[in-house]
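Everything on this sheet refers to the single structure shown next.
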Number of protein chains: 2
Amino acid sequence: MEKREKRLEKIIRILKMNNASTVQELAGELDVSHMTIRRDLEVLSGQNMVRIIHGGAVLIPESFEDKGESSYSLLTAGAVKTEEKRRIGKKAAGLIGEGDIIIIDSGSTTEYLARFLPDDLNLTVLCFAMNILKEIAGKRDIKIIFSGGVFHENTLMFESPEGIALIKRNRATKAFISASGVSEKLGVTCSNTYERETKRAAISSSLKRYLVVDSSKFGKVQSDHFAELEDFHYVITDSGISGEYKGILKELGLGLYIV
Amino acid sequence: MEKREKRLEKIIRILKMNNASTVQELAGELDVSHMTIRRDLEVLSGQNMVRIIHGGAVLIPESFEDKGESSYSLLTAGAVKTEEKRRIGKKAAGLIGEGDIIIIDSGSTTEYLARFLPDDLNLTVLCFAMNILKEIAGKRDIKIIFSGGVFHENTLMFESPEGIALIKRNRATKAFISASGVSEKLGVTCSNTYERETKRAAISSSLKRYLVVDSSKFGKVQSDHFAELEDFHYVITDSGISGEYKGILKELGLGLYIV
DNA sequence: AAGATACTGTTATAATATTAACAAAACATG
DNA sequence: CATGTTTTGTTAATATTATAACAGTATCTT
């Protein structure tokens with residue numbers, strides 16, 4: 001039970017490097033029999049981490065996305081509100097225009113934004129999370145600025161005073177910010193203290209600010225406050241948003257995109 | 001000739017979505033025989049785009065593409081001194097010990113170092129290149145610090161004043177630095193001006209400095225000087241190094257690892 | 001330490017994929 | 001439109017991989 005865990009992790013690691021591997025290779029690398037590898041792969045397959053093909057196994061691309069509790073979470077299915085997040089991200093990408101300089105916050109919703117980012121608009125993108133970077137690095141003709149720092153596994157975000165300084169020095173036309181909680185009375189919150197200053201810097205350096213959150217976040221409160229609702233110009237969310245919060249946003253003069 | 005091109009593109013697109021696919025699937029999807037797919041895959045394999053495995057093909061991750069340490073190597077596309085770089089990287093990884101804080105420079109040789117990095121030594125890794133980050137992000141129990149900035153496509157490196165400040169603020173036990181040229185008279189050089197200050201910061205923040213270069217770099221000079229040979233304590237290279245340079249390094253009191 | 005349980009390795013057999021050689025079709029060119 | 005060339009499809013023989021059943025080993029519990 002303990003040894004298998006280690007093997008499974010190693011297998012995932014090898015697959016992450018090569019996208020795929022053969023049963024033979026894995027058996028050789030881990031010094032176990034073919035059957036053991038096959039049985040391991042069955043487990044990983046059952047968790048939707050890999051896809052077994054004749055001769056080996058392929059890492060399922062989605063397994064990169066499901067950030068969360070750990071870098072590779074066996075038990076967490078991930079996939080909360082995935083379809084909504086996808087639609088929100090697509091909508092946000094559609095709002096981007098020629099020559100825009102955009103800041104993309106960390107988060108799984110913003111990851112979809114990054115994925116749907118058009119690559120023919122002469123864009124500059126500033127970001128600070130691993131998953132966002134991965135999505136953008138594949139695209140052509142996008143100028144990438146990454147503000148670094150210490151890596152935080154649970155959010156895939158990098159953070160440091162120097163990174164914050166870099167963001168403050170830059171200027172963006174649009175910032176797409178995520179949040180863990182959006183409350184009328186207590187403002188916009190995230191769940192890790194280290195996120196705070198980076199998010200604030202992103203907001204302060206941008207002309208237009210978009211809050212991208214799925215509807216489950218409205219009414220929620222997390223520990224760290226980083227902005228007021230009024231700091232944003234637009235909110236992009238899914239149709240699950242309550243009438244109450246629709247009214248609140250309208251009252252505050254925020255533009256609302258519902259997908 | 002025309003039709004094949006289109007098929008090859010489609011195959012790549014399918015692989016990019018799934019990382020890999022089977023011959024059967026591809027044959028069904030493109031409505032051609034499995035032999036045609038096999039022949040197509042052979043072509044793609046010859047271009048180092050995919051890796052053929054029993055039953056299908058796997059997309060080769062970008063990090064494997066050899067974007068060399070100098071501009072001219074872009075033309076000599078692909079595997080230059082790959083095996084040597086691999087061995088050098090492996091050797092360098094073997095020199096790392098429990099609790100080390102290491103800085104890994106950009107480059108393809110250092111990419112192998114990152115790949116072979118042990119993951120059970122409670123390490124801290126500071127880096128600033130995409131390919132290095134990709135390798136390390138997969139590993140567990142490694143503290144990652146990334147100094148960001150503007151992305152440079154040809155070297156996969158990020159660079160900015162804030163990134164340099166971040167490196168200078170940190171302290172490392174070992175730095176593994178690459179170079180495009182190593183000359184007795186003119187010192188250690190790289191081929192892009194933007195690399196200079198980052199490399200200098202890496203050197204200045206590290207206790208022990210290792211120069212990791214394949215033997216073809218000795219005697220070469222590139223445009224940007226960033227260090228003297230004496231700034232390093234060890235050199236790791238392959239057996240192609242000339243007797244002359246062996247002598248020079250010995251004279252200067254540098255440790256020499258030949259793999 | 002004994003017994004139960006889970007894990008791993010070894011086979012023989014079944015299923016699937018690869019190769020090579022040839023035939024058919026599509027294509028280009030004079 | 002005939003001919004040489006390239007591309008694609010078909011087939012049978014060959015090679016590789018998958019499966020299942022069982023035996024051995026390790027691990028855990030009491």
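In what follows, chains are A, B, ... by sequence order, proteins preceding strands, each numbered from 1.
Atom CD1 of B:I37 is separated from atom C1' of C:dA17 by 14 Å (rounded to the nearest Å). Rounding to whole angstrom units, CD of residue B:E42 and C1' of D:dT7 are separated by 14 Å. Rounded to an integer number of Å, the gap from A:L26 CG to C:dG9 P is 14 Å. What separates CG of A:L8 from C1' of C:dC7 is a distance of 13 Å, to the nearest Å. To the nearest angstrom, P of C:dC7 lies 10 Å from CG of A:D40. Put simply, CG on B:L41 is 13 Å from P on C:dA17, counting in whole angstrom units. As a whole-Å value, the separation of B:M35 CE from C:dA17 C1' is 11 Å.
With a cut-off of 3.5 Å on both pairing distances, the Watson-Crick and G-U wobble pairs of DNA chain D assemble into stems of 3 or more at C:1-30 with D:1-30.
Between A:R196 and A:D224 no salt bridge is recorded (no basic side-chain N to carboxylate O distance below 4.0 Å). Note on B:D238 versus B:R87: no salt bridge recorded, every NZ/NE/NH1/NH2 to OD/OE distance being 4.0 Å or above.
Applying the ring pair (Phe, Tyr, Trp, His ring centres under 6.0 Å) rule to pairs touching residues 24-54 of chain B yields A:H54-B:H54, sequence neighbours excluded.
Closest-nucleotide positions on DNA chain D for B:H54 and B:D31 were compared, and the one nearer the 5' end corresponds to B:D31. Each of B:R39 and B:G56 lies near DNA chain C, and the nucleotide nearest B:G56 is the one positioned closer to the 5' end.
Closest non-hydrogen pair, A:A20 versus B:R51, comes out as O-NH1, 3.7 Å.
Nearest to the side-chain atoms of B:T36 among the listed nucleotides C:dG9, D:dT17, D:dT8 stands D:dT8. Nearest nucleotide to the B:H34 side chain, out of D:dG9, D:dT19, C:dT19: C:dT19.
Between B:Q24 and the phosphate of C:dT16, there is no side-chain N or O to OP1/OP2 separation shorter than 4.0 Å. In this model, the phosphate group of D:dT8 is approached by a side-chain N or O of B:R7 to a distance below 4.0 Å at OP1 or OP2.
The cationic atom of A:K90 (NZ for Lys, CZ for Arg) lies less than 6.0 Å from the six-membered ring centre of A:F116 and within 45° of the ring axis.
Between A:F151 and the choices A:F146, A:Y194, A:F158, the ring pair (Phe, Tyr, Trp, His ring centres under 6.0 Å) rule is met once, by A:F158.
Within the nucleic acid shown, A:I53 comes within 4.0 Å of sugar-phosphate atoms alone, with no base atom in reach, counting heavy atoms only.
To the nearest 0.5 angstrom, A:C127 atom SG is 13.0 Å from A:K134 atom NZ.
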